[in-house]
Participant: 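Below you will find the structure I want to go over with you.
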Amino acid sequence: MNKDIEASRHRVSRRRALALGGTISLGGLIAACGGNSGTTTSTTAVASTTTTTATSGDAVTALLAKAPQCVMSKEETQGPYWFDVDSIRSDIREDRPGTTLQVAMRVQDNSQCNVDGSIGAVSNAVVEIWHCDAGGVYSGFESGSLSANGGGGAPPAGGMGAPPSGGGMGQPPSGGGMGGSGETSDGSYSVGDSEATATDDGTYLRGAQTTDANGIAQFTTIFPGWYMGRTTHIHVKVHIDKKTVLTSQTFFDESLLNEVYATSPYSEHTGREKNTTNASDGIFDQTGIMTVEKQSDGTYLAVINLGIDT
(Lines give C-alpha, C1' and ligand atoms only; values in the text may rest on other atoms or scores of the structure.)
Protein backbone atom coordinates (compact mmCIF):
# COMPACT_ATOMS: atom_id res chain seq x y z
CA MET A 1 0.00 0.00 0.00
CA ASN A 2 1.20 3.52 -0.71
CA LYS A 3 2.67 4.96 2.51
CA ASP A 4 0.71 8.22 2.19
CA ILE A 5 -2.57 6.34 1.89
CA GLU A 6 -1.70 4.15 4.87
CA ALA A 7 -0.71 7.12 7.02
CA SER A 8 -3.82 9.09 6.19
CA ARG A 9 -6.07 6.22 7.23
CA HIS A 10 -4.72 6.51 10.75
CA ARG A 11 -5.55 10.19 11.02
CA VAL A 12 -9.10 10.65 9.87
CA SER A 13 -12.28 10.30 11.91
CA ARG A 14 -15.81 11.59 11.73
CA ARG A 15 -15.20 13.73 14.82
CA ARG A 16 -12.16 15.30 13.17
CA ALA A 17 -14.07 15.96 9.96
CA LEU A 18 -16.77 17.83 11.86
CA ALA A 19 -14.12 19.71 13.84
CA LEU A 20 -12.73 21.08 10.58
CA GLY A 21 -15.80 23.28 10.31
CA GLY A 22 -16.47 22.06 6.78
CA THR A 23 -20.15 21.34 7.26
CA ILE A 24 -23.19 23.59 7.54
CA SER A 25 -26.89 22.89 7.51
CA LEU A 26 -28.71 22.56 4.20
CA GLY A 27 -31.13 25.32 5.10
CA GLY A 28 -28.27 27.63 6.02
CA LEU A 29 -26.47 26.92 2.77
CA ILE A 30 -29.47 27.64 0.56
CA ALA A 31 -30.36 30.78 2.50
CA ALA A 32 -26.82 32.13 2.40
CA CYS A 33 -25.78 31.10 -1.09
CA GLY A 34 -28.74 29.98 -3.12
CA GLY A 35 -26.58 27.03 -4.21
CA ASN A 36 -23.07 27.16 -5.65
CA SER A 37 -22.54 29.17 -8.81
CA GLY A 38 -19.93 30.91 -10.90
CA THR A 39 -16.42 30.17 -9.71
CA THR A 40 -16.39 27.62 -6.91
CA THR A 41 -13.63 27.85 -4.32
CA SER A 42 -13.17 24.88 -2.00
CA THR A 43 -11.06 24.87 1.12
CA THR A 44 -10.12 21.99 3.42
CA ALA A 45 -7.90 21.99 6.49
CA VAL A 46 -5.41 19.17 6.94
CA ALA A 47 -3.44 19.40 10.17
CA SER A 48 -2.03 22.95 10.05
CA THR A 49 -2.16 23.24 6.25
CA THR A 50 -4.94 24.82 4.18
CA THR A 51 -5.33 23.91 0.52
CA THR A 52 -7.52 25.92 -1.84
CA THR A 53 -8.55 24.97 -5.36
CA ALA A 54 -10.87 26.69 -7.79
CA THR A 55 -12.55 25.79 -11.06
CA SER A 56 -13.76 28.47 -13.45
CA GLY A 57 -17.52 28.51 -13.90
CA ASP A 58 -16.99 29.14 -17.62
CA ALA A 59 -14.82 26.02 -17.91
CA VAL A 60 -17.49 23.96 -16.18
CA THR A 61 -20.39 25.16 -18.32
CA ALA A 62 -18.34 24.80 -21.51
CA LEU A 63 -17.48 21.20 -20.72
CA LEU A 64 -21.05 20.40 -19.66
CA ALA A 65 -22.15 21.67 -23.07
CA LYS A 66 -19.93 19.04 -24.68
CA ALA A 67 -21.35 16.22 -22.54
CA PRO A 68 -24.51 14.28 -23.50
CA GLN A 69 -27.64 16.19 -22.45
CA CYS A 70 -31.28 15.38 -21.79
CA VAL A 71 -30.40 11.70 -21.24
CA MET A 72 -32.21 9.88 -18.45
CA SER A 73 -29.70 8.70 -15.88
CA LYS A 74 -29.86 5.01 -15.13
CA GLU A 75 -30.92 3.88 -11.68
CA GLU A 76 -28.08 1.86 -10.14
CA THR A 77 -27.41 0.12 -6.85
CA GLN A 78 -26.32 2.36 -3.98
CA GLY A 79 -23.97 -0.49 -3.03
CA PRO A 80 -22.95 -1.74 0.40
CA TYR A 81 -20.97 1.34 1.46
CA TRP A 82 -23.54 4.12 1.81
CA PHE A 83 -24.57 5.83 5.01
CA ASP A 84 -26.03 9.27 5.60
CA VAL A 85 -22.95 11.40 6.21
CA ASP A 86 -25.25 14.47 6.34
CA SER A 87 -22.44 16.77 5.25
CA ILE A 88 -22.86 19.81 3.01
CA ARG A 89 -19.35 20.57 1.75
CA SER A 90 -17.72 21.05 -1.64
CA ASP A 91 -14.23 19.77 -0.75
CA ILE A 92 -14.58 16.14 0.33
CA ARG A 93 -10.91 15.13 0.23
CA GLU A 94 -9.98 15.60 3.88
CA ASP A 95 -6.41 14.25 3.70
CA ARG A 96 -6.73 11.59 1.01
CA PRO A 97 -3.65 11.45 -1.25
CA GLY A 98 -4.33 11.30 -4.98
CA THR A 99 -4.77 13.30 -8.16
CA THR A 100 -7.14 16.24 -7.68
CA LEU A 101 -10.44 15.83 -9.48
CA GLN A 102 -12.95 18.64 -9.88
CA VAL A 103 -16.45 17.21 -10.34
CA ALA A 104 -19.43 19.13 -11.72
CA MET A 105 -22.86 17.52 -12.04
CA ARG A 106 -25.83 19.29 -13.60
CA VAL A 107 -29.31 18.03 -12.71
CA GLN A 108 -31.77 18.29 -15.60
CA ASP A 109 -35.51 17.68 -15.65
CA ASN A 110 -35.94 15.55 -18.76
CA SER A 111 -39.57 16.58 -19.17
CA GLN A 112 -38.40 20.16 -19.88
CA CYS A 113 -34.81 19.72 -21.04
CA ASN A 114 -33.68 20.89 -24.47
CA VAL A 115 -30.61 19.76 -26.34
CA ASP A 116 -28.40 22.71 -25.41
CA GLY A 117 -29.30 22.50 -21.71
CA SER A 118 -30.55 26.08 -21.57
CA ILE A 119 -33.81 25.04 -19.90
CA GLY A 120 -34.74 22.23 -17.57
CA ALA A 121 -32.09 22.88 -14.91
CA VAL A 122 -33.15 21.79 -11.42
CA SER A 123 -32.00 24.28 -8.78
CA ASN A 124 -31.76 23.65 -5.02
CA ALA A 125 -31.59 19.90 -5.45
CA VAL A 126 -28.96 18.16 -3.31
CA VAL A 127 -26.34 16.12 -5.14
CA GLU A 128 -24.51 13.65 -2.90
CA ILE A 129 -21.42 11.69 -3.96
CA TRP A 130 -19.15 9.09 -2.38
CA HIS A 131 -16.33 6.91 -3.67
CA CYS A 132 -13.29 4.89 -2.58
CA ASP A 133 -9.81 6.30 -2.03
CA ALA A 134 -6.75 5.73 -4.22
CA GLY A 135 -6.19 2.35 -2.57
CA GLY A 136 -9.76 1.15 -3.10
CA VAL A 137 -11.19 1.64 0.40
CA TYR A 138 -14.31 3.54 1.48
CA SER A 139 -14.46 5.75 4.55
CA GLY A 140 -16.54 4.17 7.27
CA PHE A 141 -15.57 0.67 6.14
CA GLU A 142 -11.79 0.50 6.40
CA SER A 143 -11.41 -2.50 8.69
CA GLY A 144 -13.74 -4.79 6.77
CA SER A 145 -12.56 -3.91 3.29
CA LEU A 146 -8.87 -3.98 4.18
CA SER A 147 -9.11 -7.43 5.74
CA ALA A 148 -11.36 -8.72 2.97
CA ASN A 149 -9.01 -8.04 0.12
CA GLY A 150 -5.65 -6.92 1.43
CA GLY A 151 -6.52 -3.26 0.97
CA GLY A 152 -8.46 -3.69 -2.24
CA GLY A 153 -11.84 -2.78 -0.81
CA ALA A 154 -13.79 -5.93 -1.73
CA PRO A 155 -17.54 -5.79 -1.04
CA PRO A 156 -18.67 -7.53 2.16
CA ALA A 157 -20.03 -11.05 2.25
CA GLY A 158 -23.60 -11.14 1.05
CA GLY A 159 -22.95 -9.27 -2.18
CA MET A 160 -24.89 -6.29 -3.41
CA GLY A 161 -28.38 -7.33 -2.46
CA ALA A 162 -31.33 -8.50 -4.52
CA PRO A 163 -32.37 -6.55 -7.62
CA PRO A 164 -34.97 -3.87 -6.87
CA SER A 165 -38.07 -3.27 -8.90
CA GLY A 166 -37.11 -1.44 -12.06
CA GLY A 167 -33.73 -3.17 -12.45
CA GLY A 168 -30.26 -2.63 -11.07
CA MET A 169 -28.37 -4.56 -8.45
CA GLY A 170 -30.37 -3.62 -5.38
CA GLN A 171 -29.69 -2.16 -1.96
CA PRO A 172 -27.26 -3.34 0.70
CA PRO A 173 -28.19 -6.71 2.28
CA SER A 174 -29.90 -6.67 5.64
CA GLY A 175 -28.11 -7.77 8.79
CA GLY A 176 -24.90 -6.84 10.55
CA GLY A 177 -21.39 -6.12 9.37
CA MET A 178 -21.22 -3.90 6.30
CA GLY A 179 -24.68 -4.91 5.16
CA GLY A 180 -27.87 -3.01 5.88
CA SER A 181 -28.01 -1.66 9.42
CA GLY A 182 -31.79 -1.77 9.55
CA GLU A 183 -31.69 1.99 10.00
CA THR A 184 -32.67 4.65 7.51
CA SER A 185 -31.32 8.12 6.86
CA ASP A 186 -32.81 11.05 8.74
CA GLY A 187 -30.60 14.03 7.96
CA SER A 188 -30.87 17.50 6.50
CA TYR A 189 -31.26 16.28 2.91
CA SER A 190 -31.96 12.53 2.98
CA VAL A 191 -34.78 10.74 4.76
CA GLY A 192 -35.79 7.09 4.47
CA ASP A 193 -32.86 5.55 2.57
CA SER A 194 -31.51 2.25 3.90
CA GLU A 195 -28.06 2.68 5.49
CA ALA A 196 -25.17 0.25 5.73
CA THR A 197 -23.51 -0.43 9.09
CA ALA A 198 -20.25 1.50 9.20
CA THR A 199 -17.25 -0.11 10.91
CA ASP A 200 -15.38 3.11 11.72
CA ASP A 201 -16.00 6.85 11.93
CA GLY A 202 -14.30 8.00 8.71
CA THR A 203 -16.09 10.42 6.38
CA TYR A 204 -13.52 11.18 3.68
CA LEU A 205 -14.63 11.29 0.03
CA ARG A 206 -18.28 11.75 1.01
CA GLY A 207 -20.39 14.88 0.88
CA ALA A 208 -23.21 16.81 -0.75
CA GLN A 209 -23.83 20.14 -2.45
CA THR A 210 -26.93 22.03 -3.53
CA THR A 211 -27.40 22.83 -7.21
CA ASP A 212 -27.23 26.47 -8.26
CA ALA A 213 -29.64 28.33 -10.55
CA ASN A 214 -28.14 26.44 -13.50
CA GLY A 215 -28.69 23.08 -11.83
CA ILE A 216 -24.95 22.58 -11.18
CA ALA A 217 -23.28 21.15 -8.07
CA GLN A 218 -19.48 21.13 -7.81
CA PHE A 219 -17.01 19.14 -5.73
CA THR A 220 -13.28 18.94 -5.16
CA THR A 221 -12.12 15.39 -4.60
CA ILE A 222 -9.42 12.98 -5.76
CA PHE A 223 -9.59 10.63 -8.70
CA PRO A 224 -11.16 7.44 -7.27
CA GLY A 225 -9.24 4.19 -7.06
CA TRP A 226 -10.61 0.73 -7.76
CA TYR A 227 -11.31 -2.50 -5.90
CA MET A 228 -11.56 -6.11 -7.00
CA GLY A 229 -14.66 -6.92 -9.03
CA ARG A 230 -15.68 -3.33 -9.89
CA THR A 231 -14.59 -0.81 -12.45
CA THR A 232 -13.74 2.70 -11.28
CA HIS A 233 -16.89 4.62 -10.33
CA ILE A 234 -18.39 7.45 -8.29
CA HIS A 235 -21.70 6.91 -6.51
CA VAL A 236 -24.28 9.67 -6.73
CA LYS A 237 -27.68 10.41 -5.26
CA VAL A 238 -29.95 13.33 -6.07
CA HIS A 239 -32.32 14.47 -3.32
CA ILE A 240 -35.26 16.85 -3.69
CA ASP A 241 -37.25 17.85 -0.60
CA LYS A 242 -35.35 15.15 1.36
CA LYS A 243 -36.51 12.45 -1.04
CA THR A 244 -34.06 10.53 -3.20
CA VAL A 245 -35.06 10.93 -6.86
CA LEU A 246 -31.96 9.29 -8.36
CA THR A 247 -29.40 6.74 -7.21
CA SER A 248 -26.75 6.07 -9.81
CA GLN A 249 -23.04 5.66 -10.56
CA THR A 250 -20.70 7.50 -12.91
CA PHE A 251 -17.72 6.06 -14.79
CA PHE A 252 -14.59 6.97 -16.72
CA ASP A 253 -13.10 6.13 -20.11
CA GLU A 254 -10.55 3.31 -19.97
CA SER A 255 -7.79 5.36 -21.61
CA LEU A 256 -8.14 7.97 -18.87
CA LEU A 257 -7.99 5.28 -16.18
CA ASN A 258 -4.77 3.96 -17.65
CA GLU A 259 -3.30 7.45 -17.67
CA VAL A 260 -4.16 8.25 -14.05
CA TYR A 261 -3.32 4.83 -12.66
CA ALA A 262 0.18 4.98 -14.12
CA THR A 263 0.99 7.69 -11.54
CA SER A 264 1.55 7.51 -7.78
CA PRO A 265 -0.16 6.62 -5.48
CA TYR A 266 -2.40 4.62 -7.84
CA SER A 267 0.46 2.77 -9.53
CA GLU A 268 1.20 0.90 -6.30
CA HIS A 269 -2.23 -0.79 -6.41
CA THR A 270 -1.78 -3.33 -9.21
CA GLY A 271 -3.98 -5.95 -10.89
CA ARG A 272 -6.89 -3.83 -12.15
CA GLU A 273 -6.72 -5.24 -15.66
CA LYS A 274 -7.73 -8.72 -14.45
CA ASN A 275 -11.44 -8.17 -13.85
CA THR A 276 -12.12 -4.54 -13.02
CA THR A 277 -12.51 -2.88 -16.42
CA ASN A 278 -15.64 -1.24 -17.79
CA ALA A 279 -16.20 -4.17 -20.14
CA SER A 280 -16.11 -6.73 -17.33
CA ASP A 281 -18.22 -4.73 -14.86
CA GLY A 282 -21.81 -5.91 -14.37
CA ILE A 283 -23.06 -2.46 -13.31
CA PHE A 284 -21.27 -0.23 -15.84
CA ASP A 285 -23.55 1.70 -18.17
CA GLN A 286 -22.38 3.94 -21.01
CA THR A 287 -24.79 6.72 -20.05
CA GLY A 288 -22.80 7.16 -16.84
CA ILE A 289 -19.50 8.02 -18.55
CA MET A 290 -18.18 11.40 -17.38
CA THR A 291 -16.75 13.94 -19.82
CA VAL A 292 -13.24 14.80 -18.60
CA GLU A 293 -10.59 17.35 -19.49
CA LYS A 294 -7.11 17.68 -18.02
CA GLN A 295 -6.39 21.16 -16.72
CA SER A 296 -3.19 23.17 -17.12
CA ASP A 297 -2.20 22.48 -13.51
CA GLY A 298 -2.39 18.71 -14.00
CA THR A 299 -5.74 18.24 -12.26
CA TYR A 300 -8.83 16.89 -14.00
CA LEU A 301 -12.30 18.35 -14.50
CA ALA A 302 -15.04 15.73 -14.86
CA VAL A 303 -18.65 16.64 -15.66
CA ILE A 304 -21.93 14.90 -16.34
CA ASN A 305 -25.55 15.92 -16.94
CA LEU A 306 -27.88 13.92 -14.70
CA GLY A 307 -31.30 13.46 -16.26
CA ILE A 308 -34.20 12.92 -13.86
CA ASP A 309 -37.98 12.85 -14.14
CA THR A 310 -39.39 15.28 -11.59
Side-chain angles (χ1 to χ4, degrees), residues 17-18 20-45 51-61 63-64 67 73 78 82-94 96 100-109 117 121-131 139 185 187-191 193 203-224 234-250 290-291 299-308 310:
L18 294 174
L20 293 178
T23 59
I24 60 176
S25 71
L26 174 61
L29 180 74
I30 294 176
C33 306
N36 50 3
S37 60
T39 299
T40 296
T41 301
S42 307
T43 304
T44 184
T51 303
T52 302
T53 60
T55 299
S56 164
D58 290 341
V60 168
T61 54
L63 193 55
L64 279 166
S73 296
Q78 74 176 19
W82 183 81
F83 62 90
D84 183 13
V85 71
D86 199 19
S87 178
I88 295 288
R89 56 179 181 172
S90 60
D91 191 327
I92 64 174
R93 293 173 296 180
E94 296 184 20
R96 294 295 94 178
T100 299
L101 180 70
Q102 302 288 342
V103 173
M105 297 180 171
R106 177 165 56 187
V107 181
Q108 297 178 319
D109 179 358
V122 180
S123 62
N124 287 338
V126 176
V127 177
E128 177 185 12
I129 66 172
W130 69 102
H131 61 83
S139 62
S185 58
S188 60
Y189 52 78
S190 175
V191 174
D193 285 5
T203 60
Y204 54 81
L205 307 180
R206 298 176 183 270
Q209 280 283 278
T210 57
T211 57
D212 63 15
N214 298 311
I216 301 171
Q218 295 190 50
F219 300 88
T220 300
T221 185
I222 63 166
F223 203 95
I234 294 177
H235 293 271
V236 57
K237 285 177 178 277
V238 178
H239 309 278
I240 296 178
D241 296 331
K242 297 189 177 183
K243 295 180 181 178
T244 301
V245 297
L246 175 69
T247 300
S248 193
Q249 298 181 24
T250 66
M290 301 194 80
T291 300
T299 65
Y300 292 85
L301 171 62
V303 307
I304 191 169
N305 293 301
L306 301 174
I308 65 171
T310 59

Participant: How would you list, by chain and number, every residue that makes a side-chain contact (heavy atoms from CB on, under 4.5 Å) with Thr299, sequence neighbours excluded?
Facilitator: Thr100, Gln295, Asp297
Participant: Can you name the salt bridge (charged side-chain N to carboxylate O under 4.0 Å, His left out) partners of Asp193, sequence neighbours left out?
Facilitator: Lys237
Participant: Could you tell me whether the side chains of Thr220 and Gln102 share a donor-acceptor contact shorter than 3.5 Å?
Facilitator: yes
Participant: Just jot down the side chain to side chain donor-acceptor pair (under 3.5 Å) partners of Ser248, sequence neighbours excluded, or say none.
Facilitator: none
Participant: What residues form a side-chain contact (heavy atoms from CB on, under 4.5 Å) with Ser73, not counting sequence neighbours?
Facilitator: Leu246, Leu306
Participant: Using only heavy-atom distances, determine whether the side chains of Gln78 and Trp130 contain a donor-acceptor pair under 3.5 Å.
Facilitator: no
Participant: Who passes side-chain contact (heavy atoms from CB on, under 4.5 Å) against Thr250, sequence neighbours left out?
Facilitator: Met105, Ile234, Val236, Met290, Ile304
Participant: How would you list, by chain and number, every residue that makes a side chain to side chain donor-acceptor pair (under 3.5 Å) with Arg206, sequence neighbours excluded?
Facilitator: Ser139
Participant: Could I get the full list of side chain to side chain donor-acceptor pair (under 3.5 Å) partners for Thr310, not counting sequence neighbours?
Facilitator: Asp109
Participant: Under the side chain to side chain donor-acceptor pair (under 3.5 Å) rule, collect the residues that match up with Gln108, sequence neighbours excluded.
Facilitator: Gln69
Participant: How would you list, by chain and number, every residue that makes a ring-ring contact (aromatic ring centres under 6.0 Å, His included) with His131, sequence neighbours excluded?
Facilitator: none
Participant: If the condition is side-chain contact (heavy atoms from CB on, under 4.5 Å), which residues does Ala121 pass it with, not counting sequence neighbours?
Facilitator: none
